[in-house]
Undergrad: 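Below is the structure I would like to discuss, written out as structure tokens.
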Amino acid sequence: MGSRRYLLSKTLQAVVTLWFVLTFNFFLFRILPGDPVALLARSEKLTPDDIARLQHELGLDLPIFQQYFVYLRETVTVNLGESMRSGRDVKATIGVRVWPTVVLVGLGTLFASYFGVMIGIRGGWRRGSRFDTNSQYSSLILYSMPEGWLGMLLLLLFSGWLHWFPAGGYTTGGLSGVARFVDILDHLFLPLLTLTLGYIGAYSIVMRSSMIDTTNEDYVQTARAKGVPERVVRKRHAVPNAILPTFTLIFLSFGFVLGGAIVIETVFSWPGLGLLTYEAIRTNDYPVIQGVFLIASATVIVANLIADITYGYLDPRIKQA
């Protein structure tokens, strides 16, 4: 009964959060400065009749709350509309940009979580050592460093000065087979390195703090008093309990895969959802902006729900709280 109540409670929270995000998503982009139809009219030299027709087709001539209910209805039926700029279906536009972001942020989160957790485990277990001090300072620097600024530094170093990697983009073009795959990896390296370094600090700090708290627990001290080897105490007693908070952070980070790294993708012209969001915001392309933010928010909410449920089963005390 407790498990069912816990599951229903978390699911209900996720549904309410999603509704709030939908509402916020709608009103936020309508209070941004600039009229998308006016911008389009200037660039396309539309007549007043064309502007009125376009506003009617997009539903922008309706009262704001009527637009809101139409938006909710279309969203529930997975109809994200058409782009104001290109006229393409928003789902198709987003679908083309999903996989570059999945590859970039997915691999970045995977690498950052692995190395960050390993650094945090060793630093927390050997608290006060030279490794702990150096890794802690490095983690704090990486954690506080803006990802865009870090990306530009790496871009200047490896692309501008050393000429080891391309300055941006997804592929050079005109290649196929193995050569195309290697070329994509070549373009992927710098944005992936930027994202990995940007995430390592957070994982390392959280894991180190959790590891320090765990080493002071009674069951760890008891295992040591019984003469259990330090390696076994760390592997079987300390790490499994200390990793729980980091586990939640990792799960939430994977939830941001579809959200994209807007700044990093913009710096490196990586054609994912982040760059699409930047382009849509510049042109006030409401349907595209709403579609990207909806998918990103829904992904984070679902990832958070899965993390809460999994955490509850890993630590039954959470369900009883």
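Values below: every heavy atom of this structure, side chains too, minus hydrogens, waters and symmetry copies.
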Undergrad: Atom CD1 in Ile243, atom OH in Tyr203: separation rounded to 0.5 Å?
TA: 11.5 Å
Undergrad: Taking atom OH of Tyr278 as the centre, report whether more than 12 heavy atoms of other residues, nucleotides or ligands fall under 6.0 Å from it.
TA: no
Undergrad: Using side-chain heavy atoms (C-beta onward) and a distance below 4.5 Å, is Arg122 in contact with Met211?
TA: no
Undergrad: Within the side chain of Ser210, is there an N or O that forms a donor-acceptor pair under 3.5 Å with the backbone of Val206?
TA: no
Undergrad: Please list, chain by chain and in numerical order, all residues satisfying side chain to side chain donor-acceptor pair (under 3.5 Å) with Thr222, sequence neighbours excluded.
TA: none
Undergrad: Identify the two heavy atoms, one from Gly151 and one from Val267, that lie closest to each other, and give their separation to 0.1 Å.
TA: C-CG1, 4.3 Å
Undergrad: Provide the closest heavy-atom pair for Ile264 versus Leu195 in the form atom of the first, atom of the second, distance.
TA: CD1-CD1, 3.4 Å
Undergrad: Assigning hydrophobic clusters by single linkage (Ile, Leu, Val, Met, Phe, Trp, Tyr; side-chain heavy-atom cutoff under 4.5 Å), is Leu8 placed with Leu12?
TA: no
Undergrad: Any side-chain heavy-atom pair from Ile262 and Leu273 closer than 4.5 angstrom?
TA: no
Undergrad: Hey, does Trp125 have a side-chain heavy atom less than 4.5 Å from the side chain of Arg234?
TA: yes
Undergrad: Starting from Leu197, can I reach Trp164 by hopping between I/L/V/M/F/W/Y residues whose side chains sit under 4.5 Å apart?
TA: yes
Undergrad: Under 4.5 Å between side-chain heavy atoms, hopping through other hydrophobics if needed: is there a path connecting Ile200 to Met145?
TA: yes
Undergrad: Going by the salt bridge (charged side-chain N to carboxylate O under 4.0 Å, His left out) test, which pairs reach into residues 132-157, not counting sequence neighbours?
TA: Asp132-Arg208
Undergrad: Is there a donor-acceptor contact under 3.5 Å from the side chain of Ser204 to the main chain of Gly201?
TA: no
Undergrad: Which atom names give the shortest non-hydrogen contact between Thr101 and Gly272, and what distance separates them?
TA: OG1-CA, 3.1 Å
Undergrad: Same cluster or not: Val96 versus Phe293, using hydrophobic residues (I, L, V, M, F, W, Y) connected whenever any side-chain heavy atoms lie under 4.5 Å apart?
TA: no
Undergrad: Anything under 30° is parallel, anything over 60° is perpendicular, the rest tilted; go ahead and classify Phe115 against Phe111.
TA: tilted
Undergrad: If hydrophobic residues (ILVMFWY) are linked whenever their side-chain heavy atoms come closer than 4.5 Å, directly or via other members, who joins Ile205 in its cluster?
TA: Leu140, Tyr143
Undergrad: Please collect all salt bridge (charged side-chain N to carboxylate O under 4.0 Å, His left out) contacts where either partner lies in residues 92-112, sequence neighbours excluded, each pair once.
TA: Arg97-Glu279
Undergrad: Establish whether Phe158 and Trp161 are linked, either directly or via other cluster members, by ILVMFWY side-chain heavy-atom contacts under 4.5 Å.
TA: yes
Undergrad: Between Thr215 and Ile212, what is the shortest heavy-atom contact and its length?
TA: OG1-O, 2.7 Å
Undergrad: Can you tell me which residue pairs pass the salt bridge (charged side-chain N to carboxylate O under 4.0 Å, His left out) test with a partner in residues 267-278, sequence neighbours excluded?
TA: none
Undergrad: Ignoring hydrogens and geometry beyond distance, is a side-chain donor-acceptor pair present between Tyr68 and Thr23 at under 3.5 Å?
TA: yes
Undergrad: As an exercise, state the distance from CG of Leu154 to CZ of Phe189, rounded to the nearest 0.5 Å.
TA: 8.5 Å
Undergrad: Could you check if a side-chain atom of Thr277 sits within less than 4.5 angstrom of a side-chain atom of Ile289, using non-hydrogen atoms only?
TA: no
Undergrad: Any heavy-atom pair between the side chains of Phe131 and Arg126 that's under 4.5 Å?
TA: no
Undergrad: Taking the side chain as every heavy atom from C-beta outward, state whether Tyr170 and Leu104 have any atom pair closer than 4.5 Å.
TA: no
Undergrad: Nearest 0.5 Å, please: how far is CG in Leu18 from CD1 in Ile301?
TA: 4.5 Å
Undergrad: Report yes or no: does Trp270 contribute a side-chain atom to a donor-acceptor pair with the main-chain N or O of Gly168 at less than 3.5 Å?
TA: no
Undergrad: Rounded to the nearest 0.5 Å, what's the gap from CE on Met152 to OG1 on Thr194? Could you check?
TA: 10.5 Å
Undergrad: Taking Ser135's backbone N and O only, do any of them form a donor-acceptor pair with Ser139's side chain (distance below 3.5 Å, no angle check)?
TA: yes
Undergrad: Hey, could you give me each pair passing salt bridge (charged side-chain N to carboxylate O under 4.0 Å, His left out) that has a residue in residues 179-195? Not counting sequence neighbours.
TA: none
Undergrad: Enter the distance from Met207:CE to Ser113:OG here, rounded to the nearest 0.5 Å.
TA: 11.5 Å
Undergrad: I need the Thr196 OG1 to Tyr114 OH distance, nearest 0.5 Å.
TA: 14.0 Å
Undergrad: Using only atom types and a distance under 3.5 Å, with no angle test, would you say the side chain of Ser159 pairs donor to acceptor with the backbone of Leu156?
TA: no
